[in-house]
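Please read these numbers as outputs of a predicted model, since none were measured by experiment.
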Amino acid sequence: MLPYPNCINSHQPFHFILSNHPSRFLFPTTFSRVSAFGKCRSSSLSLLFSLKNRRGSGFGVRGSLQSPEEVSDGGSVVFPQPYSVKIPVGDRHILVETGHIGRQASGSVTVTDGETIVYTTVCLDDVPSEPTDFFPLSVNYQERFSAAGRTSGGFFKREGKTKDHEVLICRLIDRPLRPTMPKGFYHETQILSWVLSYDGLHCPDSLAVTAAGIAVALSEVPMSKTVAGVRVGLVGDKYIINPTTEEMEHSELDLMLAGTDSAILMIEGYGNFLSEEKLLQAVEVGQDAVRKICNAVEALVKKCGKPKMFDSIKLPPPELYKHVEEIAGDELVKALQIRNKIPRRKALSLLEEKVLEILTENGVVTNDAVPWSNAETIAEILEVEDEDEEVIVDGEVDEGDVHIKPTPPKPTPLFSEVDVKLVFKDVTSKFLRKRIVQGGKRSDGRTPNEIRPINSRCGLLPRAHGSALFTRGETQSLAVATLGDKQMAQRIDNLIGVDDYKKFYLQYSFPPSCVGEVGRIGAPGRREVGHGMLAERSLEPILPSDDDFPYTIRVESTITESNGSSSMASVCGGCLALQDAGVPIKCSIAGIAMGMVLNTKEFGGDGTPLILSDITGSEDASGDMDFKVAGNEDGITAFQMDIKVGGITLPIMREALVQARNGRKQILGEMMKSSPPPAKRLSQHAPLIHIMKVKPERINLIIGSGGKKVRSIIEECGVEAIDTDDNGNVKIFARDLASLERSKAIISNLTMVPSIGDIYRNCEIKSITPYGAFVEIAPGREGLCHISELSSGWLAKAEDAFNVGDRIDVKLMEINDRGQLRLSHRALLPAADLENSSVEQPAGNLTDDTAASQKSSDKGLSKKDRTSSKRISEDDSVLPSKKFIRKLVSSSQDKPFTNKDKIKKSSNKAVGSVSGKDESSWVSEEPQN
């Protein structure tokens, strides 16, 4: 509804766009005369001028342009007509619907795949924002827990802060759309995307990219071409478009691709040392799928799309480029030859100020955001056309209509200060590209395929588990690796309702000091989250399995200097830090960022695109591509490409990938020269981990009621943590060897299965009752020694022979149906052996054998532990176990405990964390007989 329905002819729809340039005003034929405003004229003027004051750069008011497909609901409200279309994607169809929900947005769409539904809207501000070189686009993506029939697990039962994986999807939506937005369009644009339904089978991220591209295409945003996105998987030799979650479990590749019907705009993905040829084939398959989607969407846009706001595009005057080049040309060439980043930046800043000063002195630049000439056009447009208009002198106001007396025009500057700054940046980029193409030299003097100088050092932080400082030119990363237990793993709350824990994660930090600036320090931004994930996925394929190395690994990459390729520096530094921490990685990998000058013919070249290796920050900003590739000589583990222009073709990608592979080889060679080199063994400050295997049904004995027993073991022994699972795996995390051995002995005794005839030496009497004494044969395991079994003679009460705390030798005589143990001390007495012919062996032999067993089990234990049970019975519940130590040793097996009753076997396999030997290292080994 209109805000002033009585001000215009009710039979004529009113649609308008006001802009700050005379040629940009659009008045449809249905627009009534300005004089029709009548009494509302003064209110309208106040509204318009208040809009002007709100935005100093001028204003343009976006009105509603009625689409041919809009229909009226009840004769009062106009809404677009509902429309839906099925688009083939891979081996199935997606359903695209518009006009059903979100009808007040500039563009809204729902995209359905299976039972997964993504809803996306696009809205833009009515008034343009301040001119800038960065398009005012914001993207928000949210996965509603209700989409999977769940509720948030936190205290506040609603969705809150954007999760990291949602931030990554926001970036996937933003990056391909931004290059398609025209320069000079300053209306703030917002894309909102929600997952309304999720079936656990069809991933919503690729649908969100496509939905955003369709919604923008249907809106008034004057984008150049429709954008769509797909995921490509590789199962066996088959490339799959938008694979299901089940298919992705077996896929060698996870590729997200977005583009138009003619070019690629963005790719991002991860692979397990994927070859360049396989990656190019996947890109080709994905591009074909994107082309089909875009062609189908174009037909939808022609039917349901809104008119584009091309009249709202405001570009700097062309003649301003000539003025800036004439003033700054020679000095600009000299400034771009400065090799160091900070001096070059300061020289360019001073030159920009000089250009502004000269143009201001010449009277062609104003400090105001909008030239006066644009402001005067408002009065001209709103000039009353009434022939009987009465003009009054200044200061006099009539009772009726308000009329404004025009004032003589002032000398008006031609350009604004903002225009000059935008043009200066464009001219700087042009001169930089020209220098690279014509002279064959970049700002720092390198050739197009040359890598910056590299040096690295490891172990610079003595208390950290692993550390490395990687420096490439003016880009530097301080990487720190930390090892921990399961409690250090990162919990991820997702839609499927299954707790997911990340045992490896890389966190990237980009403080303002790394570029010599002052800035805000707070939560990580979207760029930091994205760069961290790229580096994390790059390193993930080289990590050992959880069975071989059960540590949780955290890598922090703090950028201490930055001049391009900081995420790839994090990959190189992170790889060195992992080796320094003793992580047995499969191989070393490196990362490199590639750039490009697409149109070389413009600068005197032959027209062939020029690929740049290891780009700097200025080459990233002024170039046409940022292509990051990580891996080794054999293949690629991660890649990310952003395009600043209309797109690139597959031949250009092939050339960039080959050049990137050569660059990685060179970087890997420089990483091998690290001084000092990585330690390649566990730090003495890293926790020890011992893995035991017990029978699954005996795990409860370790945990105890409500976890009471496991907590008491942790407190008594001083270990960090004890983790168990339903498969019978027990992991002990300790800071020192002594506490680990104590906890291991307690758990072994708790989970052992006693056998009749086993003999236990030096066992403590824990309590005495009228009918006997309870003796602890192992920590937490007690049995009853009846009063008749305490002595060879008759006892009136147990206290006559023993007291609580006394230590005796006992033999296991019986295990009843409830698992209770009946012990005998009398069976081990010499008198009992003479009287009892049923004893299986002489006491003297038993004493000799078990004493030897006791002596064997005492080795390597503390004094306190030697007072515990000296006889360990055969334990068929404790299976072969393995543990981690601080250097590589060969597999070893403990000598078995033996006696004439039973033969016990217990093996512990010691596994090193890295290859390499250091005899001075502290080795956590089993005691040997």
TODO: Apply side chain to side chain contact (heavy atoms under 4.5 Å, CB included) to the pair L320 and L359, showing each step before the final yes or no.
DONE: CA-CA 10 Å; L320 182 56; L359 292 177; 4.1 Å; yes
Open item on the list: List the residues meeting side chain to side chain contact (heavy atoms under 4.5 Å, CB included) with K421, not counting sequence neighbours, and say none if there are none.
Closed with: E352, L356, E417
TODO: May I ask you to establish whether R171 and Y141 are in a cation-pi arrangement, using a distance under 6.0 Å from NZ or CZ to the six-membered ring centre and at most 45° from the ring axis?
DONE: no
Open item on the list: Just verifying a value: how many Å separate M256 CE and I169 CD1, rounded to the nearest 0.5 Å?
Closed with: 8.0 Å
Open item on the list: Counting C-beta onward and ignoring hydrogens, is there a side-chain heavy-atom pair between I117 and L95 closer than 4.5 Å?
Closed with: no
Task: Residues forming a side chain to side chain contact (heavy atoms under 4.5 Å, CB included) with A215, sequence neighbours excluded - done: V109, T120, V122
Task: Shortest non-hydrogen contact between K306 and A105, atoms and distance - done: NZ-O, 3.3 Å
- [ ] Evaluate the criterion side chain to side chain contact (heavy atoms under 4.5 Å, CB included) for residue pair M641 and I264; output intermediate values, then yes/no.
- [x] CA-CA 9 Å; M641 183 185 73; I264 303 166; 3.7 Å; yes
Open item on the list: Between P609 and M625, is there a side-chain heavy-atom distance shorter than 4.5 Å?
Closed with: no
- [ ] Going by the side chain to side chain contact (heavy atoms under 4.5 Å, CB included) test, name the single residue among D174, I173, L124 that passes it with L137.
- [x] D174
Open item on the list: Side chains of L265 and R178, heavy atoms from C-beta outward: is any pair under 4.5 Å?
Closed with: no
TODO: Go through the structure and list residues passing ring pair (Phe, Tyr, Trp, His ring centres under 6.0 Å) with Y119, not counting sequence neighbours.
DONE: W194
Open item on the list: Within the 4.5 Å heavy-atom criterion, are L218 and T98 side-chain neighbours or not?
Closed with: yes
Open item on the list: Treating K314 as the side-chain partner and G184 as the backbone partner, does any N or O pair qualify as donor plus acceptor under 3.5 Å?
Closed with: no
Task: Short side-chain to backbone donor-acceptor contact, K292 and Q287, under 3.5 Å - done: no
Open item on the list: Can you tell me how far apart CD1 (I267) and CZ (R175) are? Round to the nearest 0.5 Å.
Closed with: 9.5 Å
TODO: Using side chain to side chain contact (heavy atoms under 4.5 Å, CB included) as the criterion, list what pairs up with D626, not counting sequence neighbours.
DONE: A593, I615, D620, K628
TODO: Determine the minimum heavy-atom distance between P222 and M309, stating which atoms define it.
DONE: CG-O, 3.9 Å
- [ ] Looking only at non-hydrogen atoms, find the nearest pair between V209 and A228 and report the distance.
- [x] CG1-C, 4.5 Å
Table please: side-chain donor-acceptor pairs of residues 422-434 below 3.5 Å, with sequence neighbours left out.
| residue | atom | partner | partner atom | Å |
| --- | --- | --- | --- | --- |
| K425 | NZ | D133 | OD2 | 2.2 |
| D426 | OD2 | Y321 | OH | 3.2 |
| T428 | OG1 | F424 | O | 2.8 |
| S429 | OG | K425 | O | 3.2 |
| S429 | OG | S622 | OG | 3.1 |
| K430 | NZ | E325 | OE2 | 3.3 |
| R433 | NH1 | S622 | O | 2.9 |
| R433 | NH1 | D624 | OD1 | 2.9 |
| R433 | NH1 | D624 | OD2 | 3.4 |
| R433 | NH2 | D624 | OD2 | 3.2 |

Task: Partners meeting side-chain hydrogen bond (donor to acceptor under 3.5 Å, both in side chains) with T112 (sequence neighbours left out) - done: none
Task: D261/E298 under side chain to side chain contact (heavy atoms under 4.5 Å, CB included): CA gap, chis, key distance, verdict - done: CA-CA 10 Å; D261 58 350; E298 288 293 340; 5.5 Å; no
Open item on the list: Under a 3.5 Å distance rule, please check whether S106 uses its side chain to pair with a backbone N or O of E220 as donor and acceptor.
Closed with: yes
Open item on the list: Can a side-chain donor-acceptor contact be found between T116 and D113 if the only test is distance below 3.5 angstrom?
Closed with: no
Open item on the list: If I take atom CD from residue Q142 and atom OG1 from residue T162, how far apart are they, to the nearest 0.5 angstrom?
Closed with: 7.0 Å
Task: Beyond-backbone contact of M596 with I652, side-chain heavy atoms, under 4.5 angstrom - done: yes
Open item on the list: Do V167 and R526 make a side-chain contact, defined as non-hydrogen atoms from C-beta onward lying under 4.5 Å apart?
Closed with: yes
- [ ] Measure the CD1-CE distance between I313 and M181 for me, rounded to the nearest 0.5 Å.
- [x] 11.5 Å
Open item on the list: Under the criterion side chain to side chain contact (heavy atoms under 4.5 Å, CB included), I'd like the reasoning laid out for I293 against T226: C-alpha separation, chi angles, the key distance, then a yes or no.
Closed with: CA-CA 9 Å; I293 297 175; T226 303; over 6 Å; no
Open item on the list: Could you check whether any side-chain N or O of S138 sits under 3.5 Å from a backbone N or O of Q190, counting only pairs where one atom can act as donor and the other as acceptor?
Closed with: no
Open item on the list: On a heavy-atom basis, which atom in I611 and which in A656 lie closest, and how many Å separate them?
Closed with: CG2-CA, 4.1 Å
Task: Least distance between heavy atoms, V118 atom then S193 atom - done: CG1-OG, 3.4 Å
Open item on the list: I want to check something: taking the side chain as every heavy atom from C-beta on, are M653 and F627 in contact at a cut-off of under 4.5 Å?
Closed with: yes
Open item on the list: Return the CD1 to CD distance between I358 and E353, rounded to the nearest 0.5 Å.
Closed with: 12.0 Å
Task: Interatomic distance, R291 atom CZ to D288 atom CG [nearest 0.5 angstrom] - done: 5.0 Å
Open item on the list: Quick one: does any side-chain atom of T210 pair with a main-chain N or O of L207 as donor and acceptor, under 3.5 Å?
Closed with: no
Open item on the list: Using a 3.5 Å distance criterion without hydrogens, assess whether the side chain of T121 forms a donor-acceptor pair with backbone atoms of S108.
Closed with: no
- [ ] Considering non-hydrogen atoms only, spot the tightest contact between S206 and R231 and give its length.
- [x] CB-N, 3.9 Å
